[in-house]
Asker: 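Before anything else, here's the structure in question.
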Number of protein chains: 2
Amino acid sequence: MANIKDIARMAGVSVATVSRVLNEHPYVSEEKRAAVLEVVRSLNYSPNINAVHLIKGKTNMIGVIIPYINLPYFNSIMEGIAEEALKANVHLLVSQTNYAVNKENELLNMLKTKQIDGLLICSRSLDWKSIEAYAQYGPIIACEDAKNDKISSVYIDHYAGFRQAMQLLLDKGHRSIGYCLGRGHSYNSTNRRRAYEDALASMNLPIREDCMFYQCYSIEDGAAVVRQLMDMPLRPTALLVAGDQVAAGLIGEAIKCGLRVPEDLAVISFDNHPISRLFDITTIDNRLTEIGRTAFSLLLERLQNQEEPVRHIELPFRLIERATV
Amino acid sequence: MANIKDIARMAGVSVATVSRVLNEHPYVSEEKRAAVLEVVRSLNYSPNINAVHLIKGKTNMIGVIIPYINLPYFNSIMEGIAEEALKANVHLLVSQTNYAVNKENELLNMLKTKQIDGLLICSRSLDWKSIEAYAQYGPIIACEDAKNDKISSVYIDHYAGFRQAMQLLLDKGHRSIGYCLGRGHSYNSTNRRRAYEDALASMNLPIREDCMFYQCYSIEDGAAVVRQLMDMPLRPTALLVAGDQVAAGLIGEAIKCGLRVPEDLAVISFDNHPISRLFDITTIDNRLTEIGRTAFSLLLERLQNQEEPVRHIELPFRLIERATV
DNA sequence: ATGAAAGCGCTAACAT
DNA sequence: ATGTTAGCGCTTTCAT
């Protein structure tokens with residue numbers, strides 16, 4: 001394959017001039033520029049990017065640790081990241097980890113070996129202690145509350161969100177409230193469960209394990225919850241549902257089963273995806289896309305200025321009242 | 001960050017020795033090896049991979065163009081690829097394209113700039129003409145029938161598969177047969193549709209557009225087809241369903257709707273995923289994982305030996321008769 | 001405006 | 001067994 005020397009020789013210029021043309025630097029005469037471009041075109045030449053990476057000391061590529069690209073929650077974050085990356089002309093190395101630590105370590109190691117310039121973490125299995133050891137090799141930004149002095153973060157206060165949703169339900173008179181979550185033991189889920197229990201405790205209400213549903217991700221999962229509900233002697237009158245898709249499936253199935261929403265079953269969901277508008281679901285907008293956008297911007301700042309301090313940005317959520325409460 | 005020179009100096013050896021230790025070459029004394037390893041450990045050193053890539057002229061990384069990682073069809077292919085890549089110690093740069101050409105071009109360009117050593121294509125939007133132009137930069141292997149003299153391929157004859165399934169249904173006496181596919185205009189879908197029409201024509205049976213369903217990917221989609229079926233005055237008595245998930249959803253819903261399978265509705269599906277065994281579905285094993293495995297092996301061969309010729313391997317499918325016909 | 005040359009961090013051929 | 005050294009292909013000073 002041709003290299004920059006070949007191009008220089010064939011165009012009758014020096015390699016420096018070829019490089020200038022390729023990188024759109026000023027101070028190149030029109031004739032030489034044209035000559036170089038012509039040779040480049042005729043040979044269908046592209047620079048060896050590995051040489052560029054080596055000399056520049058960076059790859060213009062950042063890694064993204066994301067458990068499941070297709071889950072709406074992460075998909076929304078990814079949307080914000082991709083949007084900003086496109087603007088900044090930064091390439092994304094997206095690794096769908098399925099929460100496997102070896103996948104996470106792989107990207108961490110790529111940061112160390114300079115294959116990527118920085119790392120965005122949407123959600124992870126590794127603890128922050130293991131991750132922060134890599135912060136010396138390049139900026140790492142989390143899309144969840146990291147509480148770490150080496151790793152910047154952008155997040156929503158899920159405790160407060162859940163708490164506010166609970167309050168709304170309690171104010172409406174509900175005394176038997178359940179919830180649907182995804183993973184039971186993630187950082188976010190733990191906070192949400194705490195908010196749930198604290199809200200109940202504040203009213204001296206009992207905690208009922210049979211009203212807590214986990215592994216809820218899809219429309220189907222939501223429908224399945226309703227089928228379980230139908231068999232319960234003491235059905236909860238309201239449900240907090242993490243994820244509009246789950247809520248939609250749940251409401252659809254509830255109606256099929258003859259339940260009235262919100263009279264027989266009130267629902268508050270989270271994320272404010274388009275589907276929640278379609279079903280007129282009361283939801284808490286977690287501003288996921290903005291989290292992604294902001295996280296990327298934070299990373300870019302640190303890339304451009306090493307001295308940029310670690311920051312923790314909490315984005316305010318927003319309750320959107322619609323017809324399911 | 002420390003480089004190999006620093007390590008050499010601190011360990012009191014030459015850079016060559018450090019390189020030998022790092023790459024586990026023979027002919028290094030135990031003392032020097034230990035000294036080097038100790039410095040490497042204490043400095044937490046990793047080689048700059050871009051320099052390695054540059055001098056070696058390769059990255060040990062291959063790209064994978066895959067439209068949707070989470071679709072069972074592609075997931076199975078990916079499984080085979082990942083399995084072999086792990087064995088060969090080759091890294092995968094998996095790009096979920098959603099069939100967007102710019103994503104496909106991105107990987108093609110990475111091949112050209114030597115960021116990846118080769119490319120595996122599970123399914124694509126770009127035509128082979130555009131793709132083959134990049135074959136000069138590194139091996140490209142397709143997991144579908146490529147009919148191209150620059151690009152090797154591993155594939156199943158979907159025409160024959162559909163044709164055989166149709167014949168089984170016709171032999172059983174069915175005269176009103178429909179099908180469920182994903183994308184309507186992909187190469188595979190076109191072949192399947194042709195097989196479907198040819199089979200019908202061979203019996204002088206009419207082609208009914210209302211029995212052809214598209215955009216079928218999930219359990220939910222299958223269930224939705226049944227709901228449409230229920231409203232039809234002239235319901236087909238049998239269905240060819242591309243994808244066991246769709247078939248499972250379809251059968252589940254059919255039973256709910258009071259249809260007997262196979263008496264009222266016969267089903268043949270494709271891929272032989274675990275779920276088809278669960279539902280006892282008659283299916284055609286498309287050996288997707290083996291396609292992935294074989295495609296990777298083909299790529300590896302071409303990587304190790306430039307002279308390896310372009311090959312086209314057709315894997316035989318296998319009809320698995322169970323209870324839905 | 002242009003070119004010569006140094007050097008990014010590494011591997012491997014060659015010499016000893 | 002170990003070291004010296006010539007590149008890999010590019011960007012970027014520094015001269016001119």
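As a basis for the values below, the full set of heavy atoms in this structure was taken, side chains included, without hydrogen atoms, waters or symmetry mates. Naming: A, B, ... by sequence-line order, numbering from 1 per chain.
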Asker: Reading DNA chain D from 5' to 3', where do the contacts with chain A start and stop? Cut-off is 4.0 Å to heavy atoms.
Answerer: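 Endpoints of the contacted stretch of DNA chain D: dG9(D) to dT13(D).
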
Asker: Should Glu301(A) and Arg311(A) count as an ion pair when the cut-off is N to O under 4.0 Å?
Answerer: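 A salt bridge is present here (some side-chain N lies under 4.0 Å from a carboxylate O).
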
Asker: So where does chain A start and stop touching DNA chain C, 5' to 3', when the test is distance under 4.0 Å to a non-hydrogen atom?
Answerer: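 Nucleotide range with atoms under 4.0 Å of chain A: dA1(C) to dG9(C).
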
Asker: Please work out which residues in residues 28-60 of chain A have a non-hydrogen atom less than 4.0 Å from an atom of DNA chain D and list them by number.
Answerer: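 Residues of residues 28-60 of chain A under 4.0 Å from DNA chain D: Tyr45(A), Pro47(A), Asn48(A), Ala51(A), Val52(A), Ile55(A).
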
Asker: Quick check: does any side chain N or O of Ser152(B) sit under 3.5 Å from a backbone N or O of Ile141(B), one acting as donor and the other as acceptor?
Answerer: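 Checked: no pair found.
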
Asker: For the backbone of Thr97(B) and the side chain of Ser95(B), can you confirm whether one donor and one acceptor N or O come within less than 3.5 Å of each other?
Answerer: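 No, Ser95(B) side chain to Thr97(B) backbone: no donor-acceptor pair under 3.5 Å.
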
Asker: Output the residues of residues 6-22 of chain A in contact with DNA chain D, where contact means a heavy atom of the residue under 4.0 Å from an atom of the strand; sort by number or write none.
Answerer: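 By residue number: Ala16(A), Ser19(A), Arg20(A).
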
Asker: Under a 3.5 Å distance rule, please check whether Asn98(A) uses its side chain to pair with a backbone N or O of Ala100(A) as donor and acceptor.
Answerer: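 Not at all, since once roles are kept as given, no pair shorter than 3.5 Å links the two residues.
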
Asker: Counting distance only, does the side-chain N/O of Ser19(A) pair as donor-acceptor with the main-chain N or O of Val15(A) below 3.5 Å?
Answerer: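 Here the side-chain-to-backbone pair does not exist.
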
Asker: Go through the structure and list residues passing salt bridge (Lys or Arg N to Asp or Glu O under 4.0 Å) with Arg302(A), not counting sequence neighbours.
Answerer: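 None.
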
Asker: Mind listing the side-chain donor-acceptor pairs of residues 85-93 of chain B below 3.5 Å, one per line with the distance, residues two or more places apart or on another chain?
Answerer:
from	atom 1	to	atom 2	distance (Å)
Lys87(B)	NZ	Glu84(B)	OE2	3.0

Asker: Using only atom types and a distance under 3.5 Å, with no angle test, would you say the side chain of Thr190(A) pairs donor to acceptor with the backbone of Ser186(A)?
Answerer: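 Yes; judged by distance alone, with no hydrogens or angles, the pair exists.
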
Asker: Give a yes or no on whether a salt bridge exists between Lys147(B) and Asp145(B), defined as a side-chain N under 4.0 angstrom from a carboxylate O.
Answerer: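 Yes, this pair counts.
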
Asker: Would you confirm whether Asn3(B), through its side chain, and Asp6(B), through its main-chain N or O, come within 3.5 Å as a donor-acceptor pair?
Answerer: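 Such a contact is found between Asn3(B) side chain and Asp6(B) backbone.
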
Asker: Salt bridge check, Arg293(A) against Glu79(A): does any charged N sit closer than 4.0 Å to a carboxylate O?
Answerer: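 Looking at Arg293(A) together with Glu79(A), the answer is no, because their closest N to O distance does not fall below 4.0 Å.
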
Asker: Has Asp271(A) got a side-chain atom pairing as donor or acceptor with Tyr73(A)'s backbone, closer than 3.5 angstrom?
Answerer: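 Not confirmed, Asp271(A) side chain does not pair with Tyr73(A) backbone.
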
